[in-house]
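Right, one structure below, let's go through it.
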Amino acid sequence: MDKPGLTASLVVACLIRVPSEVVKQRAQVSASSRTFQIFSNILYEEGIQGLYRGYKSTVLREIPFSLIQFPLWEYLKALWSWRQDHVVDSWQSAVCGAFAGGFAAAVTTPLDVAKTRIMLAKAGSSTASGNVLSALHGVWQSQGLAGCQHEWLQWEVGWPVLPHLSEPHSQGPQGSSRSSFLAAFSLSHHLAQHGGLSESPQDAIADILFAGVFPRMAAISLGGFIFLGAYDQTYSLLLEVGRKSL
(Lines give C-alpha, C1' and ligand atoms only; values in the text may rest on other atoms or scores of the structure.)
Protein backbone atom coordinates (compact mmCIF):
# COMPACT_ATOMS: atom_id res chain seq x y z
CA MET A 1 0.00 0.00 0.00
CA ASP A 2 1.32 3.46 -0.85
CA LYS A 3 2.11 5.78 2.06
CA PRO A 4 -0.64 8.38 1.35
CA GLY A 5 -3.21 5.57 1.03
CA LEU A 6 -1.95 3.93 4.21
CA THR A 7 -2.11 7.19 6.15
CA ALA A 8 -5.61 7.99 4.90
CA SER A 9 -6.89 4.52 5.80
CA LEU A 10 -5.47 4.79 9.33
CA VAL A 11 -7.02 8.22 9.85
CA VAL A 12 -10.43 6.90 8.80
CA ALA A 13 -10.10 3.65 10.79
CA CYS A 14 -9.32 5.64 13.96
CA LEU A 15 -12.70 7.39 13.65
CA ILE A 16 -14.25 4.07 14.68
CA ARG A 17 -11.42 2.65 16.74
CA VAL A 18 -10.85 5.57 19.14
CA PRO A 19 -14.35 5.76 20.75
CA SER A 20 -14.29 2.03 21.43
CA GLU A 21 -10.74 2.33 22.79
CA VAL A 22 -11.72 5.18 25.13
CA VAL A 23 -14.65 3.18 26.55
CA LYS A 24 -12.53 0.02 26.82
CA GLN A 25 -9.68 1.80 28.63
CA ARG A 26 -12.06 3.33 31.18
CA ALA A 27 -13.90 0.05 31.66
CA GLN A 28 -10.61 -1.63 32.51
CA VAL A 29 -9.87 0.83 35.30
CA SER A 30 -13.51 1.00 36.50
CA ALA A 31 -14.49 -2.64 36.76
CA SER A 32 -17.57 -1.80 38.82
CA SER A 33 -19.11 0.31 36.04
CA ARG A 34 -20.95 -1.16 33.08
CA THR A 35 -19.89 -0.34 29.54
CA PHE A 36 -23.07 1.53 28.69
CA GLN A 37 -22.81 3.53 31.90
CA ILE A 38 -19.25 4.55 31.05
CA PHE A 39 -20.33 5.49 27.53
CA SER A 40 -23.22 7.60 28.90
CA ASN A 41 -21.00 9.32 31.46
CA ILE A 42 -18.49 10.31 28.78
CA LEU A 43 -21.24 11.84 26.63
CA TYR A 44 -22.80 13.63 29.61
CA GLU A 45 -19.57 15.04 31.03
CA GLU A 46 -17.52 15.73 27.90
CA GLY A 47 -19.84 15.46 24.93
CA ILE A 48 -19.00 13.72 21.68
CA GLN A 49 -15.43 15.08 21.82
CA GLY A 50 -14.91 12.98 24.94
CA LEU A 51 -15.27 9.83 22.85
CA TYR A 52 -12.52 11.13 20.56
CA ARG A 53 -10.10 12.11 23.27
CA GLY A 54 -6.76 10.68 22.24
CA TYR A 55 -7.65 10.63 18.52
CA LYS A 56 -4.53 12.53 17.49
CA SER A 57 -2.29 10.45 19.75
CA THR A 58 -3.80 7.23 18.37
CA VAL A 59 -3.16 8.33 14.78
CA LEU A 60 0.38 9.40 15.73
CA ARG A 61 0.91 5.91 17.15
CA GLU A 62 -0.66 3.99 14.26
CA ILE A 63 1.17 5.76 11.42
CA PRO A 64 4.75 5.03 12.59
CA PHE A 65 3.66 1.56 13.71
CA SER A 66 2.39 0.70 10.21
CA LEU A 67 5.35 2.37 8.49
CA ILE A 68 7.63 0.10 10.50
CA GLN A 69 5.60 -3.12 10.44
CA PHE A 70 4.71 -3.50 6.76
CA PRO A 71 8.09 -2.58 5.17
CA LEU A 72 9.87 -4.77 7.73
CA TRP A 73 7.48 -7.64 6.96
CA GLU A 74 8.20 -7.32 3.23
CA TYR A 75 11.94 -7.11 3.87
CA LEU A 76 11.96 -10.23 6.07
CA LYS A 77 9.97 -12.17 3.45
CA ALA A 78 12.36 -11.09 0.69
CA LEU A 79 15.38 -12.04 2.82
CA TRP A 80 13.92 -15.47 3.68
CA SER A 81 12.99 -16.06 0.02
CA TRP A 82 16.54 -15.19 -1.03
CA ARG A 83 18.07 -17.50 1.59
CA GLN A 84 15.97 -20.52 0.56
CA ASP A 85 15.91 -19.65 -3.15
CA HIS A 86 12.11 -19.68 -3.50
CA VAL A 87 9.13 -17.64 -2.42
CA VAL A 88 8.16 -17.99 1.24
CA ASP A 89 5.23 -20.17 2.21
CA SER A 90 2.24 -18.72 4.07
CA TRP A 91 3.46 -19.96 7.45
CA GLN A 92 6.85 -18.33 6.84
CA SER A 93 5.10 -15.09 5.92
CA ALA A 94 3.17 -15.36 9.18
CA VAL A 95 6.41 -15.74 11.16
CA CYS A 96 7.83 -12.66 9.43
CA GLY A 97 4.62 -10.81 10.29
CA ALA A 98 4.95 -11.78 13.94
CA PHE A 99 8.53 -10.48 14.14
CA ALA A 100 7.67 -7.28 12.28
CA GLY A 101 4.61 -6.62 14.45
CA GLY A 102 6.49 -7.29 17.68
CA PHE A 103 9.33 -4.95 16.73
CA ALA A 104 6.95 -2.17 15.64
CA ALA A 105 5.00 -2.61 18.88
CA ALA A 106 8.14 -2.25 21.00
CA VAL A 107 9.33 0.88 19.19
CA THR A 108 5.97 2.64 19.46
CA THR A 109 5.23 1.72 23.09
CA PRO A 110 6.03 5.24 24.45
CA LEU A 111 3.40 6.64 22.07
CA ASP A 112 0.96 4.01 23.35
CA VAL A 113 1.72 5.03 26.94
CA ALA A 114 1.03 8.69 26.04
CA LYS A 115 -2.20 7.70 24.30
CA THR A 116 -3.41 5.76 27.34
CA ARG A 117 -2.60 8.62 29.72
CA ILE A 118 -4.51 11.05 27.51
CA MET A 119 -7.58 8.82 27.35
CA LEU A 120 -7.64 8.23 31.10
CA ALA A 121 -6.70 11.74 32.23
CA LYS A 122 -9.08 13.79 34.33
CA ALA A 123 -11.34 15.97 32.18
CA GLY A 124 -10.01 19.52 31.94
CA SER A 125 -6.43 18.60 32.81
CA SER A 126 -3.50 19.49 30.57
CA THR A 127 -2.97 15.82 29.71
CA ALA A 128 -6.59 15.48 28.60
CA SER A 129 -6.00 18.17 25.95
CA GLY A 130 -4.50 15.45 23.75
CA ASN A 131 -1.00 16.82 23.32
CA VAL A 132 1.39 13.86 23.07
CA LEU A 133 4.48 15.88 24.01
CA SER A 134 2.61 17.28 27.01
CA ALA A 135 1.64 13.75 28.09
CA LEU A 136 5.23 12.52 27.80
CA HIS A 137 6.43 15.61 29.63
CA GLY A 138 3.93 14.76 32.35
CA VAL A 139 5.57 11.33 32.66
CA TRP A 140 8.92 13.06 33.04
CA GLN A 141 7.61 15.51 35.64
CA SER A 142 5.67 13.04 37.76
CA GLN A 143 7.88 9.98 37.30
CA GLY A 144 11.09 11.50 35.94
CA LEU A 145 14.41 12.08 37.67
CA ALA A 146 12.68 13.81 40.59
CA GLY A 147 9.44 11.83 40.80
CA CYS A 148 11.15 8.58 39.90
CA GLN A 149 13.27 8.72 43.08
CA HIS A 150 10.17 7.79 45.13
CA GLU A 151 8.79 5.33 42.61
CA TRP A 152 12.25 3.78 42.19
CA LEU A 153 12.56 3.25 45.94
CA GLN A 154 9.03 1.87 46.06
CA TRP A 155 9.86 -0.71 43.37
CA GLU A 156 13.23 -1.58 44.89
CA VAL A 157 12.55 -1.35 48.62
CA GLY A 158 8.85 -2.07 48.92
CA TRP A 159 5.80 -0.26 50.25
CA PRO A 160 7.12 0.95 53.64
CA VAL A 161 9.58 3.47 52.19
CA LEU A 162 7.36 5.57 49.96
CA PRO A 163 4.89 6.81 52.61
CA HIS A 164 7.71 7.91 54.92
CA LEU A 165 9.70 9.60 52.15
CA SER A 166 6.63 11.40 50.86
CA GLU A 167 5.40 12.74 54.21
CA PRO A 168 5.45 16.55 54.37
CA HIS A 169 8.24 18.21 56.37
CA SER A 170 5.65 20.17 58.36
CA GLN A 171 5.28 17.29 60.79
CA GLY A 172 8.06 18.72 62.98
CA PRO A 173 11.61 17.67 63.83
CA GLN A 174 10.63 14.50 65.71
CA GLY A 175 8.31 13.25 62.99
CA SER A 176 10.82 14.10 60.30
CA SER A 177 13.62 12.30 62.11
CA ARG A 178 11.44 9.25 62.69
CA SER A 179 10.45 9.19 58.98
CA SER A 180 14.07 9.45 57.91
CA PHE A 181 15.05 6.69 60.31
CA LEU A 182 12.29 4.34 59.10
CA ALA A 183 13.12 5.06 55.46
CA ALA A 184 16.83 4.46 56.07
CA PHE A 185 16.05 1.28 57.99
CA SER A 186 13.86 -0.06 55.16
CA LEU A 187 16.49 0.81 52.59
CA SER A 188 19.36 -0.77 54.53
CA HIS A 189 17.24 -3.87 55.17
CA HIS A 190 16.60 -4.24 51.45
CA LEU A 191 20.27 -3.71 50.61
CA ALA A 192 21.26 -6.39 53.13
CA GLN A 193 18.79 -8.84 51.58
CA HIS A 194 19.40 -8.15 47.90
CA GLY A 195 22.94 -6.85 47.78
CA GLY A 196 22.21 -3.42 46.33
CA LEU A 197 19.80 -1.56 44.10
CA SER A 198 19.36 -3.04 40.66
CA GLU A 199 17.91 0.01 38.89
CA SER A 200 18.76 3.67 38.66
CA PRO A 201 16.12 6.41 38.40
CA GLN A 202 17.06 6.77 34.72
CA ASP A 203 16.26 3.10 34.20
CA ALA A 204 12.93 3.64 35.97
CA ILE A 205 12.02 6.35 33.43
CA ALA A 206 12.54 3.84 30.62
CA ASP A 207 10.39 1.34 32.54
CA ILE A 208 7.55 3.87 32.67
CA LEU A 209 7.81 4.94 29.02
CA PHE A 210 7.89 1.28 27.99
CA ALA A 211 5.31 0.08 30.50
CA GLY A 212 3.48 -2.98 29.18
CA VAL A 213 5.90 -3.45 26.30
CA PHE A 214 6.06 -7.26 26.59
CA PRO A 215 2.29 -7.92 26.71
CA ARG A 216 1.91 -5.43 23.83
CA MET A 217 4.61 -7.18 21.80
CA ALA A 218 3.10 -10.60 22.50
CA ALA A 219 -0.44 -9.57 21.52
CA ILE A 220 0.60 -7.75 18.35
CA SER A 221 3.04 -10.51 17.34
CA LEU A 222 0.21 -13.03 17.59
CA GLY A 223 -2.07 -10.71 15.62
CA GLY A 224 0.60 -10.19 12.97
CA PHE A 225 1.14 -13.94 12.67
CA ILE A 226 -2.58 -14.60 12.14
CA PHE A 227 -3.49 -11.56 10.04
CA LEU A 228 -0.48 -11.38 7.73
CA GLY A 229 -0.26 -15.15 7.39
CA ALA A 230 -3.96 -15.35 6.46
CA TYR A 231 -3.51 -12.39 4.09
CA ASP A 232 -0.65 -14.10 2.26
CA GLN A 233 -2.51 -17.42 2.09
CA THR A 234 -5.64 -15.73 0.68
CA TYR A 235 -3.57 -13.75 -1.81
CA SER A 236 -1.88 -16.94 -3.03
CA LEU A 237 -5.22 -18.76 -3.38
CA LEU A 238 -6.73 -15.89 -5.38
CA LEU A 239 -3.72 -15.83 -7.69
CA GLU A 240 -4.07 -19.57 -8.23
CA VAL A 241 -7.79 -19.23 -8.98
CA GLY A 242 -7.02 -16.40 -11.41
CA ARG A 243 -4.46 -18.49 -13.28
CA LYS A 244 -6.85 -21.44 -13.61
CA SER A 245 -9.64 -19.22 -14.94
CA LEU A 246 -7.48 -17.90 -17.80
Side-chain angles (χ1 to χ4, degrees), residues 10-66 68 101-102 104-155 159 162-163 166 199 201-223:
L10 290 173
V11 169
V12 173
C14 285
L15 291 172
I16 300 173
R17 183 181 303 169
V18 170
S20 62
E21 185 75 8
V22 169
V23 175
K24 183 199 78 173
Q25 292 279 359
R26 298 193 186 186
Q28 289 175 343
V29 298
S30 304
S32 59
S33 300
R34 293 179 297 177
T35 302
F36 182 75
Q37 183 181 355
I38 294 171
F39 177 79
S40 301
N41 287 342
I42 294 172
L43 287 178
Y44 178 76
E45 295 173 4
E46 303 179 56
I48 191 69
Q49 63 268 29
L51 291 173
Y52 284 94
R53 190 204 289 184
Y55 177 81
K56 289 185 293 184
S57 59
T58 303
V59 171
L60 287 174
R61 180 198 65 178
E62 291 300 313
I63 291 175
F65 174 85
S66 298
I68 293 170
V107 172
T108 56
T109 294
L111 295 174
D112 188 63
V113 171
K115 185 263 310 175
T116 302
R117 282 177 171 257
I118 289 169
M119 288 183 173
L120 296 179
K122 184 178 180 181
S125 65
S126 59
T127 303
S129 65
N131 189 305
V132 174
L133 292 178
S134 176
L136 292 175
H137 185 254
V139 174
W140 176 268
Q141 280 191 321
S142 63
Q143 313 290 352
L145 285 176
C148 248
Q149 303 288 341
H150 288 169
E151 186 150 344
W152 172 52
L153 288 171
Q154 183 184 32
W155 290 345
W159 67 268
L162 185 59
S166 59
E199 271 192 327
Q202 291 87 344
D203 294 329
I205 296 171
D207 287 341
I208 295 164
L209 289 176
F210 286 89
V213 62
F214 293 115
R216 175 171 161 80
M217 286 177 64
I220 293 179
S221 293
L222 179 61

>> Applying side chain to side chain donor-acceptor pair (under 3.5 Å), can you list everything that pairs with E46, at least two apart in sequence or on another chain?
In response: R26, R53
>> Using 0.5 Å steps for rounding, measure from the CD1 atom of I42 to the CD atom of Q49.
In response: 11.5 Å
> Tell me, which pairs form a salt bridge (charged side-chain N to carboxylate O under 4.0 Å, His left out) where one or both residues lie in residues 118-127, sequence neighbours left out?
Replying inline: none
> Of all heavy-atom pairs between V213 and A106, which one has the smallest distance, and what is that distance?
Replying inline: CG2-CA, 3.9 Å
> Residues two or more places apart in sequence or in another chain: which of them pass salt bridge (Lys or Arg N to Asp or Glu O under 4.0 Å) with E62?
Replying inline: R17
> Residues in side-chain contact (heavy atoms from CB on, under 4.5 Å) with A105, at least two apart?
Replying inline: F65, R216, M217, I220
> Quick one: side-chain contact (heavy atoms from CB on, under 4.5 Å) partners of Y55, sequence neighbours excluded?
Replying inline: V11, C14, L15, V18, Y52, V59
>> Once rounded to the nearest 0.5 Å, what's the spacing between atom OG1 of T116 and atom CG of L111?
In response: 11.0 Å
> Between OG1 of T58 and CD1 of I63, what distance do you get to the nearest 0.5 Å?
Replying inline: 11.0 Å
> Under the side chain to side chain donor-acceptor pair (under 3.5 Å) test, which residues partner Q25, sequence neighbours left out?
Replying inline: E21
> Who pairs with L60 by side-chain contact (heavy atoms from CB on, under 4.5 Å), at least two apart in sequence or on another chain?
Replying inline: V132
> Between G102 and S221, what is the shortest heavy-atom contact and its length?
Replying inline: CA-OG, 3.2 Å
> What's the spacing between D112 CG and K115 NZ if we round to 0.5 Å?
Replying inline: 4.5 Å
>> Pair F39, T35 - check side chain to side chain contact (heavy atoms under 4.5 Å, CB included), show working.
In response: CA-CA 6 Å; F39 177 79; T35 302; 5.5 Å; no
>> Applying side chain to side chain donor-acceptor pair (under 3.5 Å), can you list everything that pairs with S57, at least two apart in sequence or on another chain?
In response: none
>> Would you compute the distance between atom CD1 of I38 and atom NZ of K24 and round it to the nearest 0.5 angstrom?
In response: 12.5 Å
> If you look at every heavy atom in A128 and A123, which pair is closest and at what distance?
Replying inline: CB-CA, 4.4 Å
